[in-house]
2 protein chains.
Amino acid sequence: MASIKDVAAAAGLSVATVSRVLNDHPSVSPDARTRVLAAVEALGYRPNAVARSLRTDQTRTLGLVISDVMNPYFTELARSVEEEARALGYSVIIGNADERPDLQDHHVTTLLDRRIDGLLVSPTDGGSPRMLDAARAGTPMVFVDRWIPGVDVPVVRSDGQAAVRDLVTHLHRLGHRRLAIIAGPAATTTGRERVDAFRAALREHGLELPEAYIGQGDFQAESGRRVTEGFLDLPEPPEVVFAADNLMALGALDAVRARGLRVPDDIALAAFDDIRWFVHTDPPVTAIAQPTGELGRAAVRALVDRVEGRPGESVTLPARLVVRRSCGEPDPAPPPSPVRRSTS
Amino acid sequence: MASIKDVAAAAGLSVATVSRVLNDHPSVSPDARTRVLAAVEALGYRPNAVARSLRTDQTRTLGLVISDVMNPYFTELARSVEEEARALGYSVIIGNADERPDLQDHHVTTLLDRRIDGLLVSPTDGGSPRMLDAARAGTPMVFVDRWIPGVDVPVVRSDGQAAVRDLVTHLHRLGHRRLAIIAGPAATTTGRERVDAFRAALREHGLELPEAYIGQGDFQAESGRRVTEGFLDLPEPPEVVFAADNLMALGALDAVRARGLRVPDDIALAAFDDIRWFVHTDPPVTAIAQPTGELGRAAVRALVDRVEGRPGESVTLPARLVVRRSCGEPDPAPPPSPVRRSTS
DNA sequence: ATCCCTCGTGTAATCGATTCCACGAGGAGG
DNA sequence: CCTCCTCGTGGAATCGATTACACGAGGGAT
C-alpha cells in the first residue's frame with residue numbers, strides 16, 4: 001500500500017510538502033498542490049490513519065459500550081450515535097456487553113487500548129474498574145441511558161417518572177389494582193429507577209407494591225418469561241405485569257402464551273421502551289417510549305464537546321406513554337372497521 | 001498516559017526488554033520479568049495499540065459492513081460475528097450502510113484507512129468502487145449474506161431455495177393460487193435470488209408470477225407498506241404476500257392493518273428471515289429462518305483464515321421453513337387449548 | 001587455557017504520518 | 001544596494017511500539 005513517501009517521490013517533493021497539501025496547510029504553492037494531488041490520484045494513495053493517530057494523539061473515534069445490541073432500544077441508540085458522530089467527523093466503535101460485566105470490562109479495555117478519543121457508556125453494573133479509572137484519569141466520557149452515581153461524568157438519559165405515573169393512572173382507571181413489575185438488575189440505575197417510579201405512582205393511587213409483585217429480571221427475554229411464570233403461579237396473581245424493558249415484555253408474552261392465557265383478558269401487560277413491533281403484537285403493547293434517537297445524538301454532542309475541550313452537559317429528556325390494547329382499553333386509533341364501536 | 005519508556009525507566013531496564021516481557025519472548029530473565037511486571041502494575045501501563053499496529057502492520061481488527069443495523073437479522077449476524085471474532089482474538093468495527101451505497105462506500109473507506117486486517121461485507125448494491133479495488137488489491141475479504149458475482153471472494157450465505165419451495169408447497173396446499181412477492185433491490189443477490197426461487201417454486205406447481213405480483217421493495221419497512229397497498233389496490237389482489245425480508249413484512253402488516261383487513265382471513269403473509277417477534281405478532285408469521293448465528297461464525301472463520309494466510313472457504317447453509325398462522329393453517333404447536341384439533 | 005554457544009540485555013532502525021526549524025528566493029522599503 | 005519579511009520548501013525529530021543486531025558474561029567442550 002502506497003505511503004506518503006511514495007507520493008512524495010512520485011511528485012518530486014518532500015513528504016513535508018505532501019503532508020501540507022493533504023492537510024491543506026496555507027503555505028504551499030499551486031504547482032506543488034497539483035503535482036501532489038496528481039500523484040495521490042495516480043497511486044490511489046490514502047493516508048494511514050494508524051500512523052496519523054500515533055503522531056497526533058487523536059483517533060477521531062468514539063467508543064460506545066452498550067448493554068445489549070440485540071435489544072432494539074440499544075440498536076436504535078447505537079444507530080443514532082453513529083449518525084451524529086459521523087456528522088461531526090467521528091467514527092464509532094461499538095462494544096456489546098450483553099449485560100455481562102466481564103464483557104463490558106473487556107470492551108472498555110480494548111477501546112482504551114485503541115486510544116479512542118472519548119467513551120460513551122451505558123454501564124451494565126456498578127461499572128468496571130477500568131472504566132472508573134479512565135473516568136478519574138480524565139478520559140472524555142459520557143453516560144447514556146444508565147449511569148453510575150458518584151462518578152463525575154455527564155449523563156444523557158430520559159426521565160420516565162411522569163410517563164410511569166401516566167401509565168399507572170391509565171391502569172387504575174381501567175380498574176386494575178394488583179400491579180406487578182418485572183424489574184431490571186438492581187445494579188443498574190434504570191433497573192432501580194423504574195421500580196421506584198412505579199412504586200411511587202402506585203402510592204399516589206393508594207396502592208401497595210408487595211414484594212411478591214416485584215420480579216427480579218435482567219433485561220433479557222428469558223428472565224421476563226421466568227418471572228412471569230412466577231407471577232402466574234402466585235395464589236393471587238397480579239392483574240397487570242409491567243416489564244421494565246421490551247425484551248422482558250417479550251418473555252412475558254411467551255410465558256402467558258405458553259399457559260394458553262390471553263392478554264389483556266387474563267392478564268394485562270405494559271412495557272418500558274417502545275419498539276415498532278409492539279404495534280403488531282397480539283395484542284398491541286402499551287409502552288413507555290423514550291426519545292431514543294435524540295438521546296443518542298445528545299450524548300454524542302456532549303461527548304464531542306468534552307473531547308474538544310468544551311464543557312459537555314448532562315441532558316434529561318422526558319419519556320411518554322403510548323397506550324395500546326394490552327391493558328384492556330380499545331386502541332385509541334382503531335382501524336376503520338365500521339363494525340363495533342365500543343364507547344368506554 | 002504511561003508509555004513503554006516510563007515502564008522501562010521504572011523497572012531500570014531498556015524498552016526492548018520491557019517489550020520482550022510484554023510479548024513473552026523466551027529470552028528474558030525471571031528477575032527482569034518480575035521487575036517489568038511490577039512496573040507495569042505500578043504505572044497502570046497498557047500498551048498503545050495504535051503504535052503497535054503501526055509497527056507490526058496488523059490491527060487485529062475486522063471490519064463488518066452491513067446493510068442495515070436496525071434489521072434484527074443483521075443485528076444478530078453482527079452479534080455472532082463479534083463473538084466469534086473475539087474468541088479468535090480480533091475486534092470488530094461495524095459500519096452500517098443503511099442500504100445506501102454512499103454510506104457503504106464511506107464505511108469501507110474509513111475501515112480501510114484504519115488498516116483493518118480483513119473485511120466482512122454484505123454489499124448493498126453492485127459494490128462500492130473502493131471495495132472492489134480492495135478486493136483486487138488482495139485485502140482479505142469475505143462476503144456474507146449477499147455477494148457480488150464475478151468478484152473472487154469467499155461467500156458465506158444461506159440457500160433459501162428449498163425453504164421457498166417448501167413455503168410455496170405449504171401455500172398451495174392451503175388453497176392459495178394468487179401469490180405475490182415484495183422483492184428486495186435487484187442490485188442485491190438476495191433481492192434477485194428470492195424472487196427467482198419463488199418464481200421457480202410457483203412454476204413447479206403450475207403457477208405464474210405475473211409482473212403485477214412482483215412489488216419492488218428496498219428491504220425497509222416503508223417499502224413493504226407501499227408495495228402492499230399497491231397489491232391491495234389491484235383489481236384482483238393476491239391471496240398471499242411473501243415479503244423478502246422481515247422489515248418489509250412489518251410494513252405489509254402496517255398496510256393490511258391500516259385497511260382494517262385481517263391476516264390471514266383477508267390476505268395471507270409470509271416472510272424471509274425469522275425473528276423472535278414473529279411468534280407474537282397478530283397473527284404469528286410464517287417465515288423462512290436462516291441459521292444466522294452459524295452464518296456469522298462461519299464468515300469470521302473464513303475471513304480469519306484468509307487474514308492468517310490460510311485458504312478460507314465459501315460456505316452455504318440451508319434455510320428452513322417455520323410454519324405459523326399467518327397463511328391460514330393453525331399453529332403446528334398450538335397452546336394447550338383442548339378445543340379444536342384439525343387433522344390436515 | 002582457549003574457543004564457541006547460549007543467554008540476557010541494550011542500541012538503534014523502523015513503521016507512516018505531522019510539525020518545528022532552517023534556509024533560500026524574491027519582493028518591498030529604505 | 002542592503003535589509004528585512006514573507007513564502008514555499010526540505011530536513012529531521014517525534015509519537016510508542018517491535019525487532020535485527022551487537023555485545024558481554026558465563027558455561028561446556030576440547
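What you see is a predicted model, and the numbers here were worked out from it, not measured in a lab. Every heavy atom of this structure was used, including side-chain atoms; hydrogens, water molecules and symmetry mates were not.
Heavy atoms of A:Ser3 sit under 4.0 angstrom from primed sugar atoms or phosphate atoms, though from no base atom. Across all strands shown, B:Ser27 has heavy atoms under 4.0 Å from base atoms, whether or not it also approaches the sugar-phosphate.
Look at B:Arg55 and you won't find any side-chain N or O under 4.0 angstrom from OP1 or OP2 of C:dT14. Between B:Ser14 and C:dT11, a side-chain N or O to OP1/OP2 separation shorter than 4.0 Å is absent.
Ion pairing between a basic and an acidic side chain is recognised when a charged N comes within 4.0 Å of a carboxylate O; B:Glu82 and B:Arg79 show no such pairing. Taking the charged nitrogens against the carboxylate oxygens, A:Asp102 and A:Arg100 do have a contact shorter than 4.0 Å, which makes a salt bridge. The pair B:Arg35-B:Asp31 counts as a salt bridge, with a side-chain nitrogen and a carboxylate oxygen less than 4.0 angstrom apart. A salt bridge is defined here as a Lys NZ or Arg NE, NH1 or NH2 lying under 4.0 Å from an Asp or Glu carboxylate O, and B:Glu83 with B:Arg86 fails to meet this definition.
Judged by distance alone, the side chain of A:Gln104 and the main-chain N or O of A:Thr124 form a donor-acceptor pair under 3.5 Å. Of the possible polar contacts, one joining the B:Arg306 side chain to the B:Pro311 backbone as a donor-acceptor pair under 3.5 Å is found. With A:Asp117 contributing its side chain and A:Arg60 its backbone, the two residues share a donor-acceptor pair below 3.5 Å.
Under the 3.5 Å distance criterion, with hydrogens and angles disregarded, no donor-acceptor pair is assigned to the side chains of A:Thr189 and A:Arg157. Side-chain N/O atoms of A:Arg146 and A:Ser67 include a donor and acceptor closer than 3.5 Å.
Remark: of the listed residues B:Thr61, B:Thr110, B:Thr59, B:Thr61 is the sole one forming a side-chain contact (heavy atoms from CB on, under 4.5 Å) with B:Ile93.
Under the side chain to side chain contact (heavy atoms under 4.5 Å, CB included) criterion, A:Arg52 pairs with A:Asn23, A:Pro47, A:Thr56, sequence neighbours left out. For B:Arg130, the side chain to side chain contact (heavy atoms under 4.5 Å, CB included) partners two or more places apart in sequence, or in a different chain, are A:Arg46, B:Asp105, B:Val108, B:Thr109, B:Leu112, B:Ser128.
DNA chain D is contacted by both A:Val15 and A:Ala32; A:Ala32 maps to the nucleotide lying nearer its 5′ end (nearest heavy atom per residue). Residue order along DNA chain C, read from the 5' end via each residue's closest nucleotide, puts B:Asp31 first among B:Asp31 and A:Leu54.
Residues from residues 43-51 of chain A lying near DNA chain D, meaning a heavy-atom separation below 4.0 Å, are absent. DNA chain D is contacted by B:Lys5 of residues 5-13 of chain B, taking any non-hydrogen atom closer than 4.0 Å. Remark: B:Ala16, B:Thr17, B:Arg20 in residues 16-23 of chain B come within less than 4.0 Å of DNA chain C through at least one heavy atom.
Rounded to whole angstrom, the span from the CZ atom of B:Arg115 across to the P atom of C:dA17 amounts to 7 Å.
First and last contacts of DNA chain D with chain A, using any nucleotide atom under 4.0 Å from a protein heavy atom and ordered 5' to 3', fall at D:dG8 to D:dG16.
In plain terms, the two heavy atoms of A:Leu111 and A:Ile116 that are nearest each other are O-CG1, 3.2 Å.
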